[in-house]
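What follows is one structure encoded as structure tokens, with my remarks underneath.
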Amino acid sequence: ALLSYGFTVAFGSLFLKTWRIRRVFDNPDFKQISLPNSFLFGWLSFFLFVDSVILAFLYGFELPESTTYRISSQQTEHSACSYSSKSISLLVLFIYKVLIILYGAYLSYRVHKVFQQ
């Protein structure tokens, strides 16, 4: 869960800052646009809420299984948590993260020539 929240905070904040730049500079009427930080924090909170809902379904319906692996050459044991190969919630979480990255990449492409125009 911590990894998912960290990803959302890191990429979500970059995504929202890029979105703000696009909104300010992609303005053909040159109207003054006010996008305060509180507005961006609201959107970041929404992204974290969506993460929480997906993770609640993930941990509520599909608990991870602990597996212990023994390495014979070193006489040590390693434990790992894994989900079944048909975990729908995990798939939804990955699709959600990929969509955030793809839209962020699209926004980055749209604003990469802002200061050249």
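Fair warning: this is a prediction, and the values are worked out from it, not measured in the lab. Along the sequence shown, the residues carry numbers beginning at 1.
- Residues Ile101 and Leu107 fall into different hydrophobic clusters, defined by Ile, Leu, Val, Met, Phe, Trp and Tyr side chains chained together at heavy-atom separations under 4.5 Å.
- Hydrophobic clustering (side-chain heavy atoms under 4.5 Å, transitive across Ile, Leu, Val, Met, Phe, Trp, Tyr) keeps Leu35 apart from Phe41.
- Taking Tyr5 as the reference, Ala1, Leu48, Asp51, Ser52, Leu55 meet the side-chain contact (heavy atoms from CB on, under 4.5 Å) condition, with sequence neighbours excluded.
- For the atom pair CD1 of Ile95 and CG of Leu91, the computed distance is 4.0 Å after rounding to the nearest 0.5 Å.
- Taking 4.5 Å as the limit, every side-chain heavy atom of Phe15 sits out of range of all side-chain heavy atoms of Arg20.
- At most 12 heavy atoms of other shown residues, nucleotides or ligands fall within 6.0 angstrom of atom CG in Leu3.
- Here the CG atom belonging to Leu44 is positioned 6.5 Å from the OG atom belonging to Ser13, to the nearest 0.5 angstrom.
- Atoms CZ and OG, from Arg23 and Ser34 in turn, are 10.5 Å apart once rounded to the nearest 0.5 Å.
- No more than 12 heavy atoms of other residues, nucleotides or ligands sit less than 6.0 Å from atom CZ of Phe11.
- With sequence neighbours excluded, the residues satisfying side-chain contact (heavy atoms from CB on, under 4.5 Å) with Ile100 are Tyr96.
- A heavy-atom distance below 4.5 Å is not found between the side chains of Thr18 and Arg110.
- Classification of the Phe47-Trp43 ring pair by plane angle, with boundaries at 30° and 60°, yields tilted.
- Scanning for side-chain contact (heavy atoms from CB on, under 4.5 Å) contacts around Val92 gives Ile54, Ile88, with sequence neighbours left out.
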